[in-house]
Structure formats: C-alpha cells, structure tokens
Amino acid sequence: MTAPALAPAPALAQAPASAPVRVTDRCAGCGACLLTCPTHAIRPAGPTLLVLASRCTGCVECVEVCPVDAIEEVPTDEPTDELADE
C-alpha cells in the first residue's frame with residue numbers, strides 16, 4: 001500500500017528578526033499589555049512576558065498601557081533576544 005501524496009506546504013511569511021517592542025526587567029506581570037495587544041503578540045514567559053516578533057506590528061499600544069513603563073520600543077538597528085517566531 002502506498003502512502004497518500006501530501007499537498008505542498010504553504011509558503012511561510014518571513015518573520016522579522018526582532019520585535020518592534022521588548023519587555024524589560026521592570027515588568028511587574030500585571031497583564032495590562034496582554035489585554036491590550038490587538039495581535040496577541042505578548043506571551044507569559046516565567047516571571048515576565050515576551051513579545052513574539054512574528055505577531056507584533058509595532059502599534060505600541062502595550063507601551064502606552066504599561067503602568068510601570070516596562071515595555072519599550074526597539075530601535076530598528078538594535079538586535080534583541082526576543083523570539084523571532086513561535
């Protein structure tokens with residue numbers, strides 16, 4: 001018996017190397033950014049949060065809502081260690 005032929009995988013969009021924003025160590029874990037992010041790009045990661053570059057559009061709504069100023073914009077020429085994709 002022969003295995004059925006598989007359809008070709010769709011092309012994946014190129015994810016940016018880093019997210020336009022990052023969560024700093026000042027994060028208090030309140031979750032305000034989680035509720036605000038329209039693309040659900042912010043995820044829990046241990047005691048803090050991280051930004052998924054593949055989802056973040058750079059709208060900076062999370063920066064504006066953070067009560068402790070723990071989220072900041074990343075200059076476009078600066079690499080980060082945020083997850084490029086998940």
Side-chain angles (χ1 to χ4, degrees):
M1 182 171 190
T2 331
L6 298 175
L12 297 175
Q14 183 66 32
S18 64
V21 298
R22 67 175 155 220
V23 180
T24 69
D25 59 359
R26 294 186 304 271
C27 178
C30 71
C33 57
L34 292 170
L35 299 172
T36 301
C37 182
T39 62
H40 309 288
I42 303 173
R43 303 294 169 111
T48 187
L49 302 167
L50 63 85
V51 181
L52 299 178
S54 62
R55 290 182 169 254
C56 181
T57 62
C59 71
V60 301
E61 289 183 33
C62 56
V63 174
E64 295 167 2
V65 74
C66 182
V68 294
D69 296 324
I71 305 175
E72 59 190 23
E73 292 184 73
V74 176
T76 56
D77 61 340
E78 182 181 327
T80 66
D81 33 333
E82 302 290 341
L83 294 181
D85 199 4
E86 185 168 287

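FYI, the numbering just counts along the sequence from 1.
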- Task: Please round to the nearest 0.5 Å and tell me the distance separating atom CD1 of Ile42 and atom SG of Cys56.
- Result: 7.0 Å

- Rounded to the nearest 0.5 angstrom, the OG1-CG distance for Thr48 and Leu50 is 8.0 Å

- Message: Suppose we screen for side-chain contact (heavy atoms from CB on, under 4.5 Å). Which residues come up paired with Thr39, at least two apart in sequence or across chains?
- Response: Cys37, Ala41, Arg55, Thr57

- side-chain hydrogen bond (donor to acceptor under 3.5 Å, both in side chains) pairs, two or more places apart, involving residues 59-73: Arg22-Glu72

- Locate the shortest heavy-atom distance separating Val21 from Val74; write the atom from each residue and the value. C-CG2, 3.8 Å

- Leu49 to Cys33 - nearest heavy-atom pair and separation: CD1-SG, 3.4 Å

- Item | Side-chain heavy atoms of Val23 within contact of Val51, under 4.5 Å | yes

